[in-house]
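The structure appears right after this line, and notes come after that.
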Protein chains: 2
Amino acid sequence: MRIGQLARITGVKSETIRFYEREGILAAPPRTRANYRDYGPAEEARLNFIRRARDLGFSMARIRELLDLSDDADRSCAGIDALARSHLGEVERKIASLEALRTELGRMIAACEQDTVGDCRIIDALAGTAEP
Amino acid sequence: MRIGQLARITGVKSETIRFYEREGILAAPPRTRANYRDYGPAEEARLNFIRRARDLGFSMARIRELLDLSDDADRSCAGIDALARSHLGEVERKIASLEALRTELGRMIAACEQDTVGDCRIIDALAGTAEP
DNA sequence: CTTGACCTTGTAGTTACTACAAGGTGCATA
DNA sequence: TATGCACCTTGTAGTAACTACAAGGTCAAG
């Protein structure tokens, strides 16, 4: 598939896909006779991963690490373990923060259903969670 | 408290705090005789909120909306409800993605504990979740 | 009364895109 | 055959959200 179709499927702009290739986060695909990039389903999955990880607030550097975990199948178990644990910690902190926010948003919606406007505590919901 | 102390407490750089003030996301605090910014605990909570929301991948515009929910106590219930529901949807999608990632990272760590390197499926973990 | 840690404003650099310009490719249609 | 038209190519420049640095003012401690 060409870059335009991959862009439509994943919701990532063609320019951004080329940018990821320049950054080395997405491998340069084979080219057609007309010098067009030719992508397969593996690139689609990888691109979806990158897009969602970015949406979750992970930096390019962090995403590069996660992709390295995935790419280097045969690296030391100790290395995989340390990196995976570090990422797991970050993921769990993010989940905890989001759950606090979800609870508070749910509370506000419930109050609205009863026409009780009630004060908003979303700042407190996130202000007290662990260090990012 | 002065900007430096607020920066140390929240982990947000002084420059970034001034940037948030310029952007109108953090109110301009009173000044001391020496023209130094003078912050209280309310600003600390608000700043912690902004920092964590950014870490979770929310844009400044989205954070502005969340803070507006908190600031305008007396706005229409219908308005609060619609906005809160939209944010709740985004929060729930992020939680689902992070939980898939957490499961996969946990699986890799468990495999490592048994010295079974096992293939990494973190790309698949995020590639198949709902639209961001 | 100066040293040093802090503050002020302003400008310029970084990251991760995003848009646009100038031109090549290839298929359909007149 | 040609001439749109949508698509692709590279490259450069602009945006969002910081981040760093320069040039100078403030003030408690020695």
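Owing to the predicted nature of the structure, the values given are computational and were not obtained by experimental measurement.
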Flag the pair [X] and [Y] as a salt bridge only when some basic side-chain nitrogen lies within less than 4.0 angstrom of an acidic carboxylate oxygen.
X: A:Arg51; Y: A:Asp55; value: no
X: B:Arg46; Y: B:Glu43; value: no
X: B:Glu21; Y: B:Arg18; value: no

Whole angstrom is fine here: how far is it from [atom1] in [X] over to [atom2] in [N]?
X: A:Lys13; N: C:dA16; atom1: NZ; atom2: P; value: 18 Å
X: A:Glu23; N: C:dT14; atom1: CD; atom2: P; value: 14 Å
X: B:Glu15; N: C:dC7; atom1: CD; atom2: P; value: 10 Å
X: A:Arg64; N: C:dT15; atom1: CZ; atom2: C1'; value: 11 Å
X: B:Met60; N: C:dA16; atom1: CE; atom2: C1'; value: 16 Å
X: B:Ile17; N: C:dC6; atom1: CD1; atom2: C1'; value: 14 Å

Do [X] and [Y] make a side-chain contact, defined as non-hydrogen atoms from C-beta onward lying under 4.5 Å apart?
X: A:Leu105; Y: B:Leu69; answer: yes
X: B:Leu67; Y: A:Ile123; answer: yes
X: B:Arg37; Y: B:Arg2; answer: no

If you assign A:Arg22 and A:Arg37 each to the DNA chain D nucleotide with the nearest heavy atom, which residue ends up on the more 5' nucleotide?
A:Arg37
5'-most contact on DNA chain D: A:Arg8 or B:Ala61, nearest heavy atom basis?
A:Arg8
Tell me whether the guanidinium CZ or amine NZ of B:Lys94 lies under 6.0 angstrom from the six-membered ring centre of B:Phe58 and within 45° of its axis.
yes
Going 5' to 3' along DNA chain D, between which two nucleotides do contacts with chain B fall, using a heavy-atom cut-off of 4.0 Å?
D:dA17 to D:dC27
When all nucleic acid strands are considered with a 4.0 Å heavy-atom cut-off, which category describes A:Phe58: base, sugar-phosphate, or nothing?
nothing
Would you classify A:Arg18 as touching base, sugar-phosphate or nothing, given that sugar-phosphate means primed atoms plus P, OP1 and OP2, and contacts are heavy atoms under 4.0 Å?
base
Any side-chain donor near an acceptor of the partner, B:Ser86 and B:Arg62, under 3.5 Å:
yes
DNA chain D contacts among residues 26-36 of chain B, heavy-atom distance under 4.0 Å:
B:Ala34, B:Tyr36
Would you say C:dC17 has OP1 or OP2 under 4.0 Å from some side-chain N or O of A:Thr16?
no
Test log, rule side-chain contact (heavy atoms from CB on, under 4.5 Å), inputs A:Tyr39 and A:Leu47:
CA-CA 11 Å; A:Tyr39 295 99; A:Leu47 194 50; over 6 Å; no
